[in-house]
Q: 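Pasting a structure below so you can have a look.
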Amino acid sequence: MSTQSGNGQGEYSFSAIEAKWPAVWEELGVFTPADDGSRERRYVLDMFPYPSGDLHMGHAEAFAMGDVVARYWRLKGYDVLHPIGWDSFGLPAENAAIKRNAHPSEWTYANIETQAASFKRYAISADWSRRLHTSDPEYYRWTQWLFLRFYERGLAYRKNSPVNWCPKDLTVLANEQVVNGACERCGTPVTKKSLNQWYFKITDYADRLLEDMDELKGHWPERVLAMQRNWIGRSEGAHVNFAIEAAGDLPARDVTVFTTRPDTLYGATFFVVAADTHLALDLVTAEQHDALMDYREKVKALSDIERQSTEREKTGVFLGRYAVNPLNGEKLPVWAADYVLADYGTGAIMAVPAHDQRDLDFARAFDLPVRTVLDTGEEDPSETGVATAGEGTLINSDELNGLSKAEGIARAIELVEAAGTGEHAVNFRLRDWLLSRQRFWGTPIPIIHCAECGEVPVPDNQLPVTLPDDLRGEALAPKGTSPLASAADWVNTSCPSCGRAATRDTDTMDTFVDSSWYYLRFASPQYTEGPFDTEAVDRWLPVAQYVGGVEHAILHLLYSRFFTKVLKDLGLVNFDEPFTALLNQGQVLNGGKAMSKSLGNGVDLGEQLDKFGVDAVRLTMVFASPPEDDVDWADVSPSGSAKFLARAWRLGQDVASPAGADPAAGDRALRSVTHRTIADSQELLEGRKFNVVIARLMELVNATRKAIDSGVGGADPAVREAAEAVAIILSLFAPYTAEDLWAALGHEPSVAAAAWPAVEQDLLVQATVTAVVQVQGKVRDRLEVPADISEEELKAKALESEHVARTLDGRGIRTVIVRAPKLVNVVPA
RNA sequence: GCCCCAGUAGCCCAAUGGCAGAGGCAGGAGACUUAAAAUCUUCUCAGUGCAGGUUCGAGUCCUGUCUGGGGCACCA
């Protein structure tokens with residue numbers, strides 16, 4: 001590459017161009033929204049980064065996508081909010097601090113500066129004045145404030161429960177952070193621990209989280225919606241009460257089960273409760289007590305992964321009691337087993353072995369009866385060992401006999417409701433969000449524990465509860481309790497309610513709490529009267545386009561949706577969904593695999609930028625494939641992108657007409673290409689087909705080159721018009737090159753402040769078109785016809801065609817389909 | 001087991017139900033050059049995973065199926 005300067009004559013040099021523009025952009029302030037109401041507002045946001053080292057290829061892709069949208073909207077005349085910030089609390093900072101005997105803030109803020117510099121080099125058109133960091137006390141003050149509002153409404157609460165525990169990170173994890181039984185962060189198999197932990201009551205919002213997905217349909221990727229639907233896991237059925245008969249000195253009592261198949265009530269032949277529950281202990285008779293205790297010990301020893309294996313033999317213990325079927329009074333033996341889950345439904349089931357595979361496996365293991373109550377036309381489950389769960393006709397079911405499955409379900413619910421022993425019920429798989437963490441570098445939970453008053457919220461005017469800054473290195477090491485517990489000065493305080501000595505809650509919040517509301521803070525990042533200025537939020541939100549990886553399909557996106565709904569109920573926002581549209585960019589792979597240290601296939605972003613330039617890397621990211629597809633860096637060609645950029649840039653040197661030359665006098669053929677490209681690009685951008693826009697842009701550059709070299713020549717004003725269109729469209733993807741081209745064409749900076757070119761409709765219309773003549777759908781002839789030819793005329797012309805006559809070979813014509821001016825299809829008799 | 005997404009040229013990818021190819025990569029040839037690089041010009045390559053169906057006409061819509069990717073899963 002030459003080192004000659006960018007603008008003006010000479011060779012294309014990305015390094016010269018990159019050196020030139022950042023200062024200009026900064027001075028012009030083109031990326032700061034006016035927010036004065038003169039233009040329609042639009043908010044585009046990339047998921048903010050975690051500051052682990054420098055930016056990587058994944059950031060480069062995601063932010064290139066978001067920037068295309070931001071820049072396009074700006075050119076289209078919108079007032080665009082495109083902010084940037086950092087999700088700066090989290091474990092890696094703490095681990096680095098332990099290793100270096102430092103404070104996590106040192107590592108965190110140093111990395112933020114590195115990333116900020118890289119973002120500036122990468123020419124993200126962000127409004128830097130709105131920058132925020134979730135680890136700043138000015139930010140987490142409001143995270144705490146929001147926690148307290150949740151607390152007041154009973155949406156933040158503490159409970160003792162078996163929780164997911166990562167034995168490596170020595171902290172608890174939310175269900176969402178356990179992947180295949182392992183810690184999503186470090187991959188260590190998760191164990192269960194019984195602890196008193198803080199939860200957000202997201203389950204109260206399960207229905208709304210599910211229903212409101214209707215308004216996201218078509219704007220969010222279907223697979224993300226599917227994942228959330230799966231995660232929420234709504235199932236419809238019935239709660240049915242079974243009376244458990246008294247036994248010895250144990251009194252009779254009711255136990256409720258949840259079932260999706262109340263139609264099979266007559267097929268229930270036994271009853272199972274989760275072994276690891278109080279219920280099991282309460283129910284077991286004295287004779288069976290030791291057997292149950294032995295069994296519980298064995299279950300405890302199993303890891304989650306072992307326990308969840310569907311291959312495993314069914315195990316269980318008879319509890320010595322009998323449940324009574326509310327429909328027919330039949331006595332069902334009550335068992336405890338680990339295939340029934342303590343925390344789903346009611347922790348107890350009615351077992352219908354004929355029509356549920358798990359129950360059937362259990363029945364066969366313990367020689368329990370199997371009764372078929374639904375005739376599906378399949379073989380008898382008790383013979384085959386295969387439960388029949390499909391459609392069929394109810395049998396052996398008294399008043400339900402003859403009904404279909406659906407009718408049976410409805411009728412059975414009516415029966416139990418009439419008898420007062422059950423009701424229609426909906427059950428969710430979603431669990432409450434466990435938000436407390438036994439780690440240091442997070443938002444402290446603003447609660448004080450007082451021996452007299454119990455849990456006492458820290459008063460709003462005492463927020464933020466800041467982290468102590470005197471803990472370093474080993475003092476931060478995970479010990480299974482929060483490192484904050486060892487900061488005596490910090491922990492010991494007085495009760496805000498009674499003034500007596502009390503202690504602070506020493507857990508910190510899951511960092512997903514911080515990121516559940518940052519998009520709101522961006523509307524008024526310096527606001528000091530609350531988490532956000534509600535008027536600013538009304539002006540800018542919801543986010544019109546959110547961009548980020550599919551790895552947050554459930555975690556961050558579900559949590560943020562939940563927060564938004566709670567905030568709506570609190571009257572702080574007036575919308576239900578925070579992100580109107582979502583774009584999931586694909587991953588950047590190398591050689592078909594995700595880049596990773598262990599595979600040694602990582603590609604360093606900085607090296608790529610040094611080698612090919614920012615614009616070439618950005619262009620490659622966007623051109624490689626549709627935004628949502630993965631980009632395999634081994635399959636793409638940043639050098640090809642660089643070549644194209646140079647080719648586009650050189651157009652600026654060959655335009656020989658003065659700025660402001662009237663394009664109307666220019667070559668019509670080239671003008672048509674230009675205006676068609678503008679029109680198509682617009683449509684493609686609205687449909688987020690960014691890769692295709694670049695293909696179109698390449699065509700325009702090729703056509704312009706040809707016009708200069710072997711056509712009308714560089715002095716034709718159509719060439720200028722084309723080059724200007726190139727600069728503007730290119731600015732979405734390659735801002736440096738586009739800016740330099742724009743300047744070479746004699747325009748003031750910045751191309752970012754230019755307007756999207758208006759399309760002249762009459763240039764899109766071609767005088768003549770090629771009409772295709774088909775016989776029975778096969779092309780037999782082509783005709784040059786006027787674009788405005790009538791159907792009759794076109795039909796007549798087509799029927800004159802020799803090729804058609806030859807193909808018809810004397811056969812008559814049944815019908816002729818005419819789509820003027822492009823197609824005629826002759827259908828023979 | 002249930003659900004979602006995707007299969008088009010050697011590769012990445014285009015194609016409002018209407019001529020399968022827009023663009024790029026790779027490859028071949030030529031021009032310029034003492035030569036090379038760069039640049040410019042040009043060429044080659046598939047009938048759309050498979051089987052049916054709807055239609056005048058299917059890569060596109062429907063059904064089934066295979067393959068790949070992803071999510072949920074002893075969830076009653």
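Every heavy atom of this structure was used, including side-chain atoms; hydrogens, water molecules and symmetry mates were not.
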Q: Please give, in whole Å, the distance from B:rG71 P to A:Leu557 CG?
A: 15 Å
Q: Is A:Arg696 salt-bridged to A:Glu699, cutoff N-O under 4.0 Å?
A: yes
Q: What is the nucleic acid contact for A:Thr259, judged by heavy atoms within less than 4.0 Å: base, sugar-phosphate only, or nothing?
A: sugar-phosphate
Q: Can you tell which of B:rU41, B:rG18, B:rC13 lies closest to the side chain of A:Leu823?
A: B:rG18
Q: Do NZ/NE/NH1/NH2 and the carboxylate oxygens of A:Asp615 and A:Arg618 come within less than 4.0 Å?
A: no
Q: Distance check needed: B:rC3 P versus A:Ile554 CD1, whole Å only.
A: 17 Å
Q: Sort out the partner of B:rA73 for me: Watson-Crick or G-U wobble, both distances under 3.5 Å, none otherwise.
A: none
Q: What interatomic distance, in whole Å, is found between C1' of B:rA9 and the corresponding atom of B:rG49?
A: 15 Å
Q: To the nearest Å, give me how far apart CG (A:Leu697) and P (B:rA14) are.
A: 17 Å
Q: Between B:rA76, B:rC19, B:rC74, spot the one nearest the side chain of A:Thr770, thanks.
A: B:rC19
Q: Please classify the nucleic acid contact of A:Pro626 as base, sugar-phosphate, or nothing, using heavy-atom distances under 4.0 Å.
A: sugar-phosphate
Q: Quick one: A:Glu551 CD to B:rG71 C1', roughly how many Å, whole number?
A: 14 Å
Q: Using purine N1 to pyrimidine N3 plus N6-O4 or O6-N4 for Watson-Crick, or N1-O2 and O6-N3 for G-U wobble, both under 3.5 Å, which nucleotide pairs with B:rG27?
A: B:rC43
Q: Taking the side chain of A:Ile817 as its heavy atoms from C-beta onward, which of B:rG18, B:rC11, B:rC75 lies nearest to it?
A: B:rG18
Q: Mark yes or no for a side-chain to base donor-acceptor pair under 3.5 Å between A:Lys314 and B:rC74, with no hydrogen or angle criteria applied.
A: yes
Q: Considering only side-chain heavy atoms of A:Ala226, which listed nucleotide, B:rC4, B:rG18, B:rA22, is closest?
A: B:rC4
Q: Choosing from B:rC19, B:rC75, B:rU41, which nucleotide comes nearest the side chain of A:Lys706?
A: B:rU41
Q: Please confirm whether A:Trp433 and A:Tyr559 have ring centers closer than 6.0 angstrom.
A: yes
Q: Using the C1' atom as the point on both nucleotides, what is the distance between B:rC13 and B:rA20, in whole Å?
A: 14 Å
Q: What is the separation between atom CH2 on A:Trp231 and atom P on B:rC72, rounded to the nearest whole Å?
A: 6 Å
Q: Is A:Arg431 paired with A:Asp343 through a side-chain N to carboxylate O contact shorter than 4.0 Å?
A: yes
Q: With heavy atoms under 4.0 Å as the rule, sort A:Gln774 into base, sugar-phosphate or nothing.
A: base
Q: Watson-Crick or G-U wobble partner for B:rC56, using a 3.5 Å limit on both distances?
A: B:rG18
Q: Using the P atom as the point on both nucleotides, what is the distance between B:rG1 and B:rG10, in whole Å?
A: 34 Å
Q: Consider the side chain of A:Lys643, meaning its heavy atoms from C-beta on, and name the nucleotide among B:rC74, B:rU39, B:rC40 that approaches it most closely.
A: B:rU39
Q: Looking at A:Asp635, A:Asp632, A:Asn601, A:Val631, which hits side-chain contact (heavy atoms from CB on, under 4.5 Å) with A:Leu589?
A: A:Asp632
Q: Counting heavy atoms from C-beta on, name the nucleotide in B:rC75, B:rC40, B:rC19 closest to the side chain of A:Arg782.
A: B:rC19
Q: Between A:Asp654 and A:Arg650 (salt bridge meaning N to carboxylate O under 4.0 Å), is one present in this structure?
A: no
Q: How far, in whole Å, is B:rC32 from B:rU16 if one measures between their C1' atoms?
A: 45 Å
Q: Ignoring the backbone of A:Arg223, work out which of B:rG18, B:rU39, B:rC4 is nearest its side chain.
A: B:rC4
Q: Starting at atom CZ of A:Phe623, determine the distance to atom P of B:rC25, rounded to an integer number of angstrom.
A: 8 Å
Q: Would you say the ring centroid of A:Phe14 lies under 6.0 angstrom from that of A:Phe612?
A: no
Q: So does A:Asn702 get a side-chain nitrogen or oxygen closer than 4.0 Å to the phosphate oxygens (OP1/OP2) of B:rG23?
A: no
Q: Side chain of A:Arg650 only, heavy atoms from C-beta on: which candidate in B:rA76, B:rC11, B:rC40 is closest?
A: B:rC40
Q: Identify, between A:Glu222 and A:Val772, the residue whose nearest nucleotide on RNA chain B lies closer to the 5' end.
A: A:Glu222
Q: Between B:rC32 atom P and A:Asp709 atom CG, what is the distance in whole Å?
A: 16 Å
Q: Could one point to a donor on the side chain of A:Arg431 or the base of B:rC75 with an acceptor on the other under 3.5 Å away?
A: yes
Q: Determine the interatomic distance between P on B:rA51 and the same-named atom on B:rU67; round to the nearest Å.
A: 16 Å
Q: Choose from B:rC3, B:rU41, B:rC13 the nucleotide whose nearest atom is closest to any side-chain atom of A:Arg705.
A: B:rU41
Q: Can you tell me, in whole Å, how much space there is between the P of B:rG57 and that of B:rG18?
A: 14 Å
Q: So what does A:Ser235 hit on the nucleic acid, given a heavy-atom distance under 4.0 Å: a base, only sugar-phosphate, or nothing?
A: sugar-phosphate
Q: If the glycosidic angle sits within 90 degrees of zero it is syn, else anti. Tell me which applies to B:rG27.
A: anti
Q: Under a 3.5 Å cut-off for both contacts, is B:rG68 paired Watson-Crick or G-U wobble with anything, and if yes, with which nucleotide?
A: B:rC5
Q: What's the gap between B:rA38 and B:rG27 when it is taken at their P atoms, as a whole Å value?
A: 11 Å
Q: What integer number of Å spans the P atoms of B:rG59 and B:rG70?
A: 30 Å
Q: Would you state whether a donor and an acceptor, one from the side chain of A:Gln776 and one from the base of B:rG57, lie under 3.5 Å apart?
A: no
Q: Could you tell me how the ring of A:Phe362 sits relative to the ring of A:Phe366: parallel (under 30°), tilted (30 to 60°) or perpendicular (over 60°)?
A: tilted
Q: Give the rounded distance in Å between these two atoms: CG of A:Asp781 and C1' of B:rC19.
A: 12 Å
Q: A:Arg261 or A:Val827: which one's nearest nucleotide on RNA chain B is closer to the 5' end?
A: A:Val827
Q: Looking only at side-chain N and O atoms, does A:Arg696 come under 4.0 Å of OP1 or OP2 in B:rG23?
A: no
Q: State whether A:Asp338 and A:Lys314 are salt-bridged, where the test is any N-O pair (Lys NZ or Arg NE/NH1/NH2 against Asp/Glu carboxylate O) under 4.0 Å.
A: no
